[in-house]
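Any value given below was found using the heavy atoms of this structure, including those in side chains, with hydrogens, waters and symmetry copies removed. Sequential numbering from 1 along the given sequence is applied to the chain's residues.
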Amino acid sequence: MPRIPLLELAHARSGDKGDTANIGLIAYDPVDYPLILEQVTADRVKQHFGSLVRGAVERFELDNLCAVNFLLHGALDGGGTVSLMTDAQGKVFSTALLRMEIEVSEEVAMRVAGRGRHPGRRGASTS
């Protein structure tokens, strides 16, 4: 099965509250939302971020928005006011999550190819 980055299936936003990063992952197309639910689990997100996330990862499903929200506890080294981390506010966590690859069928890979913003690639779309 082909592997594609999440950025071809969804867009994301992130922020913080204290030592917790918050990532909202929103499917571009409702037909792809079940793939996200199946493969983008709390455990998989925790594994993707590795040692950056010291605490638990929680996932909340927002079916009416075709979105999931993740709380990454212990991800900000204490938070913006006490941390020496480069991104102690969690602003780039969404971009990092969109780099996660998931397995999809050939049909899905062909349908979504080129969707999303691929840094460094000319003509990248933002659909």
Side-chain angles (χ1 to χ4, degrees):
M1 289 188 103
R3 293 176 63 83
I4 63 168
L6 278 175
L7 65 88
E8 292 188 349
L9 292 175
H11 60 100
R13 300 282 296 178
S14 59
D16 65 279
K17 191 64 167 179
D19 195 27
T20 301
N22 176 31
I23 306 172
L25 182 67
I26 306 101
Y28 287 128
D29 187 331
V31 74
D32 297 320
Y33 182 58
L35 282 171
I36 291 169
L37 289 178
E38 177 186 321
Q39 294 194 47
V40 189
T41 63
D43 288 339
R44 183 94 190 275
V45 170
K46 171 99 171 155
Q47 180 183 11
H48 179 71
F49 284 102
S51 63
L52 283 176
V53 178
R54 295 183 185 144
V57 172
E58 291 181 272
R59 182 177 90 165
F60 300 90
E61 298 171 10
L62 300 124
D63 296 334
N64 61 325
L65 300 175
C66 294
V68 288
N69 192 63
F70 294 94
L71 296 180
L72 286 62
H73 298 281
L76 300 173
D77 193 33
T81 58
V82 297
S83 176
L84 297 177
M85 286 179 64
T86 303
D87 182 29
Q89 276 89 35
K91 303 299 180 202
V92 299
F93 276 76
S94 60
T95 302
L97 181 59
L98 290 173
R99 302 295 183 269
M100 177 194 289
E101 292 187 346
I102 65 170
E103 290 183 350
V104 298
S105 68
E106 290 284 343
E107 181 271 323
V108 170
M110 289 177 56
R111 178 172 52 80
V112 303
R115 197 191 281 167
R117 300 192 91 174
H118 292 263
R121 190 174 77 190
R122 290 183 168 232
S125 69
T126 59
S127 61

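Cluster annotation: Leu71 is not connected to Leu98 through the hydrophobic network of ILVMFWY side chains, with a link wherever side-chain heavy atoms come within less than 4.5 Å. Under the 4.5 Å side-chain contact rule for hydrophobic residues, Leu37 and Leu25 share a cluster. Cluster membership for Leu6 and Ile26, using ILVMFWY side-chain heavy atoms within less than 4.5 angstrom, is not shared.
Panel note: side chain Lys46, backbone Leu72; no donor-acceptor pair is recorded below 3.5 Å. Under a 3.5 Å cut-off, the side chain of His48 and the backbone N or O of Ala96 do form a donor-acceptor pair.
Contacts classified as salt bridge (Lys or Arg N to Asp or Glu O under 4.0 Å) and involving residues 30-45 (residues at least two apart or in different chains) are given here: Asp32-Arg111, Asp32-Arg115. Annotation: salt bridge (Lys or Arg N to Asp or Glu O under 4.0 Å) contacts involving residues 55-75, sequence neighbours excluded, comprise Arg59-Glu61.
Side-chain contact between Asp19 and His73 is absent, with no heavy-atom pair separated by less than 4.5 Å. Phe93 has its side chain out of reach of Asp16: every pair of non-hydrogen atoms, C-beta onward, lies at least 4.5 Å apart. In this structure the side chain of Ile4 reaches within 4.5 angstrom of the side chain of Leu9, judged on heavy atoms. Using a 4.5 Å heavy-atom threshold, the side chains of Phe70 and Leu97 count as touching.
Going from atom CZ of Arg13 over to atom CD1 of Ile23 covers 12.5 Å, rounded to the nearest 0.5 Å. Distance check: Ile36 CD1 to Tyr28 OH gives 10.0 Å after rounding to the nearest 0.5 Å.
Within 6.0 Å of atom CE in Met1, more than 12 heavy atoms from other residues, nucleotides or ligands are found, so the atom counts as buried in its surroundings.
The shortest non-hydrogen separation linking Pro5 to Arg99 is CB-O, 4.4 Å. In this structure, Ser94 and Ser14 approach most closely via the heavy-atom pair N-OG, 3.1 Å. Here the shortest heavy-atom pairing between Leu76 and Gly18 reads CD1-O, 3.6 Å.
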